[in-house]
Amino acid sequence: LLGFLLVFLGLALPGTQGKTIPRCEMVKILRRNGFEGFEGTTVADWMCLVKHESDYNTKAYNDNGPSRDYGIFQINSMYWCNDGRTRGSKNACQISCSKLQDDNLEDDIRCAKKIAREAHGLTPWYGWKNHCRGRNLSSFVKGC
């Protein structure tokens, strides 16, 4: 029984094996979805954000104690999605956090844009603030 439970828990916990989206493919996705110029940001900004938040992995997650960040944009369960375990979750994107870890990025994109729209930029993302803001990010889109 214990073995079965451990296997079950292993399957139930989100892993870090996900689809890693190739850099130029991610650039295309962002361009296609109108990220260039969105709230004063560039595709290079978003690429740097995605690199430092999730390393382009759709299944990425990060535990922050009371809340978790999910998916390629590392969207937080306290404010934006519902993971069924974060107390007082606002779920402002009206989405299950697990939907942010599948390979369909449409809902991730919708929610990331909502966050950026409300913040008038990318300041909610520490990966962007700490590694991207005010830097030359042209290498993130070079050759794509």
Side-chain angles (χ1 to χ4, degrees), residues 5-144:
L5 281 174
L6 290 174
V7 168
F8 178 75
L9 284 172
L11 295 174
L13 290 171
T16 47
Q17 312 82 9
K19 179 178 178 188
T20 300
I21 298 177
R23 184 177 67 90
C24 282
E25 179 59 27
M26 192 68 209
V27 168
K28 280 188 195 115
I29 291 167
L30 293 170
R31 284 181 176 149
R32 215 171 34 233
N33 285 281
F35 280 87
E36 189 62 51
F38 183 77
E39 288 294 336
T41 67
T42 64
V43 165
D45 277 308
W46 286 94
M47 285 297 292
C48 183
L49 179 156
V50 167
K51 170 68 180 163
H52 290 285
E53 291 286 349
S54 67
D55 204 19
Y56 311 120
N57 186 333
T58 59
K59 295 276 189 299
Y61 78 92
N62 187 37
D63 217 324
N64 301 321
S67 67
R68 267 187 170 179
D69 296 333
Y70 291 89
I72 201 149
F73 295 109
Q74 289 293 280
I75 291 171
N76 187 270
S77 63
M78 179 56 77
Y79 305 103
W80 305 104
C81 66
N82 179 16
D83 62 3
R85 53 178 276 166
T86 304
R87 293 169 64 93
S89 174
K90 311 269 182 292
N91 193 10
C93 287
Q94 298 292 297
I95 190 171
S96 162
C97 297
S98 62
K99 295 277 288 167
L100 300 172
Q101 290 188 294
D102 60 21
D103 294 340
N104 176 353
L105 296 184
E106 280 178 43
D107 37 21
D108 308 57
I109 286 168
R110 205 173 307 120
C111 189
K113 281 185 149 186
K114 180 182 178 79
I115 297 167
R117 194 178 299 115
E118 290 190 11
H120 303 294
L122 304 182
T123 53
W125 284 277
Y126 284 93
W128 179 82
K129 277 201 293 201
N130 297 337
H131 301 281
C132 313
R133 179 165 55 183
R135 303 205 178 149
N136 179 350
L137 305 176
S138 58
S139 62
F140 285 95
V141 295
K142 196 179 182 92
C144 299

Looking only at heavy atoms, what is the nearest atom pair of [X] and [Y], with distance?
X: K59; Y: K19; result: CG-N, 4.4 Å
X: S77; Y: Y70; result: CB-CE1, 3.9 Å
X: T123; Y: K129; result: O-CE, 3.2 Å

Tell me, which pairs form a ring-ring contact (aromatic ring centres under 6.0 Å, His included) where one or both residues lie in residues 73-121, sequence neighbours left out?
W46-F73

All side chain to side chain donor-acceptor pair (under 3.5 Å) counterparts of [X], not counting sequence neighbours:
X: S98; answer: S96
X: N62; answer: N64
X: S89; answer: none

Rounded to the nearest 0.5 Å, what separation is found between the [atom1] atom of [X] and the [atom2] atom of [Y]?
X: L49; Y: L122; atom1: CG; atom2: CG; result: 6.0 Å
X: L30; Y: M47; atom1: CG; atom2: CE; result: 6.5 Å
X: T58; Y: D102; atom1: OG1; atom2: CG; result: 7.5 Å

What residue pairs, at least two apart or across chains, pass salt bridge (charged side-chain N to carboxylate O under 4.0 Å, His left out) with a residue in residues 28-54?
K51-D55

For residues 64-93, pull every pair meeting disulfide bond (SG atoms under 2.5 Å apart), keeping only residues two or more places apart or in separate chains.
C81-C97, C93-C111

Test: disulfide bond (SG atoms under 2.5 Å apart). Region: residues 22-64. Which pairs qualify, not counting sequence neighbours?
C24-C144, C48-C132

Stepwise side chain to side chain donor-acceptor pair (under 3.5 Å) check, T86 with D83:
CA-CA 6 Å; T86 304; D83 62 3; 2.9 Å; yes

[X]: salt bridge (charged side-chain N to carboxylate O under 4.0 Å, His left out) partners, not counting sequence neighbours:
X: E25; answer: none
X: K90; answer: none
X: D63; answer: R68, R85

Pairs under 3.5 angstrom only: tabulate donor-acceptor contacts from the side chains of residues 134-143 to other protein residues two or more places apart or in another chain.
residue : atom : partner : partner atom : Å
R135    : NH1  : H131    : O            : 3.0
R135    : NH2  : N130    : O            : 3.4
N136    : OD1  : S138    : N            : 2.9
N136    : OD1  : S138    : OG           : 2.9

Checking Q74 side chain against A60 main chain: does a donor-acceptor pair fall under 3.5 Å?
yes

Treating S54 as the side-chain partner and I72 as the backbone partner, does any N or O pair qualify as donor plus acceptor under 3.5 Å?
yes

Any chance you could lay out the side chain to side chain contact (heavy atoms under 4.5 Å, CB included) test for I115 and I75, step after step, and finish with the verdict?
CA-CA 9 Å; I115 297 167; I75 291 171; 4.0 Å; yes

Does the side chain of Y61 reach to within under 4.5 Å of the side chain of L100, using non-hydrogen atoms?
no

Mind checking whether I21 and V50 have side chains closer than 4.5 Å, heavy atoms only?
no

Tell me which pairs pass side-chain hydrogen bond (donor to acceptor under 3.5 Å, both in side chains) where either residue lies in residues 104-116, with sequence neighbours left out.
none

Would you check, one step at a time, whether the test side chain to side chain contact (heavy atoms under 4.5 Å, CB included) holds for Y126 with H52?
CA-CA 9 Å; Y126 284 93; H52 290 285; over 6 Å; no

